[in-house]
Amino acid sequence: MIPDHPVLDVVVPVFNEETDLEPSVRRLHAYLTDEFPYRFRITIADNASTDATASIGARLARELPSVVFVRLVRKGRGRALRAAWSASDAQVLAYCDVDLSTDLAALLPLVAPLISGHSDLAIGTRLGRGSRVVRGAKRELISRTYNLILHGALATRFSDAQCGFKAIRADVAKRLLPLVEDAGWFFDTELLVLAERAGMRIHEVPVDWVDDPDSRVDIVTTAVADLKGIARLGRALATRRLPLAELNGRLTTGDPVVAGVPRAMPGQLVRFAAVGVASTLAYLLLYALLRAGMGAFGANVLALVLTAVANTAANRRLTFGVRGRAGAAVHHAQGLAVFAMGLAFTTGALAALHAWAPGAGQLVEMLVLVAANALATLLRFIAFRSWIFRGKRDVSPTVTEQEVAA
């Protein structure tokens, strides 16, 4: 690192923040000047604001030393971070939300492991031990649900993907940024997943965090975009389209080895999906055959019980590679507990349909059941990964092992 270059560059991405921008940047600047022991820079990254944000940001850059202003013509938090980080000459790159919901006392503990070279990335977590969080029940539920979906669908281990308080070493960013496709709110989640899959070290810092009641984030739009991002990233990982091993300088023929993540994880996701499709088709067939004699609710229960037992057995052997009878009874008992969750979803969906549309036909019933089963399937995979088969390893040989055996 050239001595005159800053050690830390804190990017503040903004969009139409004319009210909060100046007090927040002045507060951040004062804190870094008084408390941070290294040379720093604050980069205000305005992504296509239409109010007075740009003029305020430019004025702050003229008035405050070590503050620069960058304006992008296209909107997107991820796009703003990519542009600012890619152009920076600092050793450590960070960002924080303009509302400064996170207590700045956590900033030095966040970046210290990166300055020392101990870690590759660092994140603030509102969900770890030692964190103190003040926010409404709705946002708390959304945040925990999102992170639970990440743990189940993408086998992540970091605790909080959405906290707007993260840092990364510049050399690591140079390798990761070209692979991150998202330009919006999913940007840093995608960055973290790729880093974790590549075996990089992610340091977590518990933070004190107070919710901003004036947040401009559209929760529904952001949630839909995040779910699309999870699906896209899952497909990329399943098809091994991303050169994860090369990111950490390891040229291997198998999946990257990450503690806590089973080998052949992409294949595991594909097998689970295949078992799920087969189970759903079998369920619909049984439901159609049994409905005439047992009624909608009776047919739903019996069809679910039969397919749940078969689904657990198939996933036990094919998806998670568990062979033999050891633990089978426990696995099936736990699978039936998960089945109860699916029963609750589908029974509730049928009850709601009959209450709202008493004359609905069998085709409509089956469409509603497909939707309810889709949600139950997602939660079933999360339960299998994090509870029933937690720590189980696929014992079927990898491609490399087969070649050695041959």
Side-chain angles (χ1 to χ4, degrees), residues 4-36 38-107 110-111 124 162-168 170 173 177 180 182-188 191 209-222 225:
D4 290 340
H5 291 185
V7 172
L8 174 67
D9 192 343
V10 182
V11 178
V12 183
V14 289
F15 172 73
N16 288 350
E17 294 288 356
E18 60 182 5
T19 301
D20 291 340
L21 179 58
E22 182 164 0
S24 293
V25 169
R26 290 190 179 277
R27 177 183 161 198
L28 176 61
H29 186 270
Y31 176 83
L32 289 170
T33 301
D34 295 339
E35 303 292 338
F36 195 71
Y38 302 101
R39 185 180 177 89
F40 69 87
R41 177 191 298 131
I42 298 172
T43 300
I44 303 169
D46 173 28
N47 50 112
S49 292
T50 57
D51 61 1
T53 295
S55 60
I56 295 171
R59 176 170 55 80
L60 288 170
R62 292 192 301 268
E63 295 179 2
L64 297 175
S66 302
V67 173
V68 300
F69 174 77
V70 176
R71 178 167 172 81
L72 284 76
V73 296
R74 298 176 63 193
K75 185 179 176 183
R77 183 184 69 165
R79 181 174 288 110
L81 289 175
R82 183 196 304 276
W85 282 356
S86 298
S88 181
D89 58 355
Q91 176 185 349
V92 174
L93 312 170
Y95 91 88
C96 64
D97 291 337
V98 69
D99 57 21
L100 297 185
S101 294
T102 304
D103 190 334
L104 292 176
L107 185 57
L110 184 80
V111 302
Q162 293 177 307
C163 183
F165 197 68
K166 296 182 175 70
I168 183 172
L177 289 178
V180 180
D182 192 81
W185 289 97
F186 189 68
F187 171 87
D188 41 349
L191 185 76
W209 194 86
V210 179
D211 189 20
D212 177 15
D214 190 37
S215 174
R216 310 295 173 81
V217 179
D218 186 325
I219 294 178
V220 175
T221 301
T222 302

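- Between Phe40 atom CZ and Leu32 atom CG the span is 5.0 Å, to the nearest 0.5 Å.
- From Thr19, atom OG1 reaches atom CG of Asp51 across 7.5 Å, with rounding to the nearest 0.5 Å.
- When all heavy atoms of Asn47 and Pro13 are compared, the closest pair comes out as ND2-C, 4.4 Å.
- Here CD1 of Ile42 is found 7.5 Å from CG of Leu64. Values are rounded to the nearest 0.5 Å.
- With sequence neighbours left out, Ser101 forms a side chain to side chain contact (heavy atoms under 4.5 Å, CB included) with Asp99, Trp209, Asp212.
- Without hydrogens or angle criteria, Asp182 side chain to Phe187 main chain gives a donor-acceptor distance under 3.5 Å.
- Side chain of Trp85 to backbone of Ala80: no donor-acceptor contact under 3.5 angstrom is found.
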Could you list the donor-acceptor pairs under 3.5 angstrom formed between side-chain atoms of residues 24-31 and any protein atom two or more places apart in sequence or on another chain?
from, atom 1, to, atom 2, distance (Å)
Ser24, OG, Asp20, O, 3.0
Ser24, OG, Val98, O, 2.7
Arg26, NE, Glu22, OE2, 3.0
Arg26, NH2, Glu22, OE2, 3.3
Arg26, NH2, Glu63, OE1, 2.5
His29, NE2, Pro65, O, 2.7
Tyr31, OH, Leu104, O, 3.1

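- A donor and an acceptor atom, one from each side chain of Asn16 and Thr50, are located under 3.5 Å apart.
- Legend: residues meeting side chain to side chain contact (heavy atoms under 4.5 Å, CB included) with Ala183, ordered by chain and number and at least two apart, are Arg79.
- In terms of the salt bridge (Lys or Arg N to Asp or Glu O under 4.0 Å) criterion, residue partners of Arg41 (sequence neighbours excluded) are, by chain and number, Asp9, Asp89.
- Checked against a 6.0 Å centroid threshold, the rings of Phe36 and Tyr38 count as neighbours.
- With sequence neighbours excluded, the residues forming a side chain to side chain contact (heavy atoms under 4.5 Å, CB included) with Val70 are Thr43, Leu72, listed by chain and number.
- Put simply, the side chain of Cys96 does not reach to within 4.5 Å of the side chain of Thr102, judged on heavy atoms.
- Ser55 is linked by a side chain to side chain contact (heavy atoms under 4.5 Å, CB included) to Ala52, counting only residues two or more places apart in sequence or in another chain.
- In terms of heavy-atom proximity, Leu177 sits nearest to Ser86 at CD1-OG, 3.7 Å.
- The line from CZ of Arg39 to CG of Leu8 is 12.0 Å long, rounded to the nearest 0.5 Å.
- Taking both residues in full, the closest heavy atoms of Ser88 and Leu93 are given as OG-CD2, 3.4 Å, listed atom of the first, atom of the second, then distance.
- Between Val7 and Val111, every side-chain heavy-atom pair lies at or beyond the 4.5 Å cut-off.
- Atom CZ of Phe69 sits about 10.0 Å away from atom CZ of Arg62, to the nearest 0.5 Å.
- The side-chain heavy atoms of Phe15 and Thr53, taken from C-beta on, include no pair separated by under 4.5 Å.
- Here the straight-line distance linking atom CG of Asp103 with atom CZ of Phe165 works out to 8.0 Å at 0.5 Å rounding.
- Residues forming a salt bridge (Lys or Arg N to Asp or Glu O under 4.0 Å) with Asp188 (at least two apart in sequence, or on another chain): Arg77, Lys166.
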